[in-house]
Undergrad: 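Sharing a structure here in C-alpha cells format.
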Amino acid sequence: MLKIANREFKSRLFVGTGKFSSNDLMRKAIDASGTEMVTMALRRVDLNDTGNDAFLNSIDRTKFQFLPNTSGARSADEAVRLAKLSRAATGINWLKLEITPDPYSLMPDPVETLFAAERLVKEGFIVLPYINADPVLAKRLENIGTAAVMPLGSMIGSNLGVKTRDFIGIIIEQSKIPVVVDAGIGVPSHASEAMELGADAVLVNTAIAVAGNPILMAEAFKYAVLAGRMAFEAGKGRVLTRSEASSPLTGFLNE
C-alpha cells in the first residue's frame with residue numbers, strides 16, 4: 001500500500017489528463033488504468049466557476065484524489081499564486097508543484113521549485129514537486145516537508161523512457177518519502193523498469209493520451225506498474241558475468 005501524507009493508495013499509477021482528444025475518452029482511460037490519483041493543469045480549469053467546469057465534472061471527484069499542478073508557472077511567485085487560487089476555488093490542498101521557465105526544454109527550475117515548495121509547505125499544502133533527477137535537491141525538498149518527490153525519467157512529453165535511472169536509483173536509496181517517477185515514460189516497460197528500481201509510483205500522461213487506443217494502453221500501464229512493483233518486492237536475483245546451468249550437470253547420461 002502506498003501512503004502519501006495522510007492517504008493510502010492501492011494503485012501506484014498516477015495519470016495525467018492532458019492531450020486526450022475528448023473528456024469522455026479521458027474518463028474511460030482513467031477508469032481502465034485503475035488509478036486513484038489524477039493530476040490536472042490548473043490553467044485548464046475555470047477557477048471562477050469550478051461547479052460548472054466541464055473538465056472537472058467529467059471525473060468522479062469522490063473516486064479520485066485530485067492533484068492540481070502548476071504547469072505553465074515560470075517562477076515561484078506564479079506557482080504560489082496559482083496554488084492559492086486553486087485551493088480557494090476547489091478546497092484541494094494537494095499540489096504537484098511544477099515550474100518550467102524554458103518553453104523549449106520544459107525542464108524544471110530547481111531554485112524556484114525549492115523556494116516555492118518551502119512557502120507552500122508552510123501554507124499547509126501537501127506538495128509533490130516535479131524535479132530533475134537530482135539527489136541533492138530531492139533531499140533538500142524532503143527536509144523542508146514535501147510529501148513526495150517526482151524526479152523526471154526524461155524530457156516531459158518525450159516518451160524516451162527512464163534515461164536518468166542511475167540518479168533516480170540514488171534518490172530512491174536515500175529518500176524517506178515516496179519517490180514518484182514522472183515525465184518521459186512512453187511505454188509500459190518503462191513504467192515497469194521504474195518500479196523495479198524501487199520507485200513508489202509513476203505518473204503517466206502523454207503515453208496514454210496519444211496512444212492509438214488510450215483505454216487499452218491505460219490498462220497495459222496498470223499491469224506493468226503492478227508487475228514492476230511485484231518484481232521489486234520479490235528481490236532481483238544475482239547477476240553473473242559467466243554462464244551457469246539452471247540444472248545440475250552431475251549424473252548426465254550416467255557419467
Undergrad: Could you tell me which residues satisfy side-chain hydrogen bond (donor to acceptor under 3.5 Å, both in side chains) with Glu118, sequence neighbours excluded, listed by chain and number?
TA: none
Undergrad: Sequence neighbours left out, what passes side-chain contact (heavy atoms from CB on, under 4.5 Å) with Glu36? Give chain and number order.
TA: Phe9, Lys10, Ser11
Undergrad: According to the salt bridge (charged side-chain N to carboxylate O under 4.0 Å, His left out) rule, which pairs have a member within residues 199-213, sequence neighbours left out?
TA: none
Undergrad: Would you list the atom pairs, donor with acceptor, under 3.5 Å between side chains in residues 159-170 and any protein atom, with sequence neighbours excluded?
TA:
| unit_1 | atom_1 | unit_2 | atom_2 | d |
| --- | --- | --- | --- | --- |
| Thr164 | OG1 | Leu152 | O | 2.8 |
| Thr164 | OG1 | Gly153 | O | 3.3 |
| Arg165 | NH1 | Glu193 | OE2 | 2.7 |

Undergrad: Suppose the criterion is salt bridge (charged side-chain N to carboxylate O under 4.0 Å, His left out): which pairs have a residue in residues 66-83, not counting sequence neighbours?
TA: Arg74-Glu78, Asp77-Arg119
Undergrad: Check Asp31 with Lys28, please: is the shortest side-chain N to carboxylate O separation under 4.0 Å?
TA: no
Undergrad: Among pairs that include at least one residue of residues 218-235, which meet salt bridge (charged side-chain N to carboxylate O under 4.0 Å, His left out), considering only residues two or more places apart or in two chains?
TA: Arg229-Glu233
Undergrad: Going by salt bridge (charged side-chain N to carboxylate O under 4.0 Å, His left out), name the pairs with one or both residues in residues 236-247, residues two or more places apart or in two chains.
TA: Arg238-Glu244
Undergrad: Quick one: list whatever passes side-chain hydrogen bond (donor to acceptor under 3.5 Å, both in side chains) with Glu196, sequence neighbours left out.
TA: Ser192
Undergrad: Can you give the donor-acceptor pairs under 3.5 Å from side chains of residues 141-150 to other protein atoms, not counting sequence neighbours?
TA:
| unit_1 | atom_1 | unit_2 | atom_2 | d |
| --- | --- | --- | --- | --- |
| Glu142 | OE1 | Lys139 | NZ | 3.3 |
| Glu142 | OE1 | Lys176 | N | 3.1 |
| Glu142 | OE2 | Lys139 | NZ | 3.2 |
| Asn143 | ND2 | Lys139 | O | 3.3 |
| Thr146 | OG1 | Leu141 | O | 3.1 |
| Thr146 | OG1 | Ala148 | O | 3.3 |

Undergrad: With sequence neighbours excluded, tell me which residues meet side-chain hydrogen bond (donor to acceptor under 3.5 Å, both in side chains) with Ser105.
TA: Asp102
Undergrad: For Ser21, enumerate each residue passing the side-chain contact (heavy atoms from CB on, under 4.5 Å) test, keeping only those at least two apart in sequence or located in another chain.
TA: Leu25
Undergrad: Quick one: side-chain contact (heavy atoms from CB on, under 4.5 Å) partners of Ala209, sequence neighbours excluded?
TA: Lys19, Phe20, Asn205
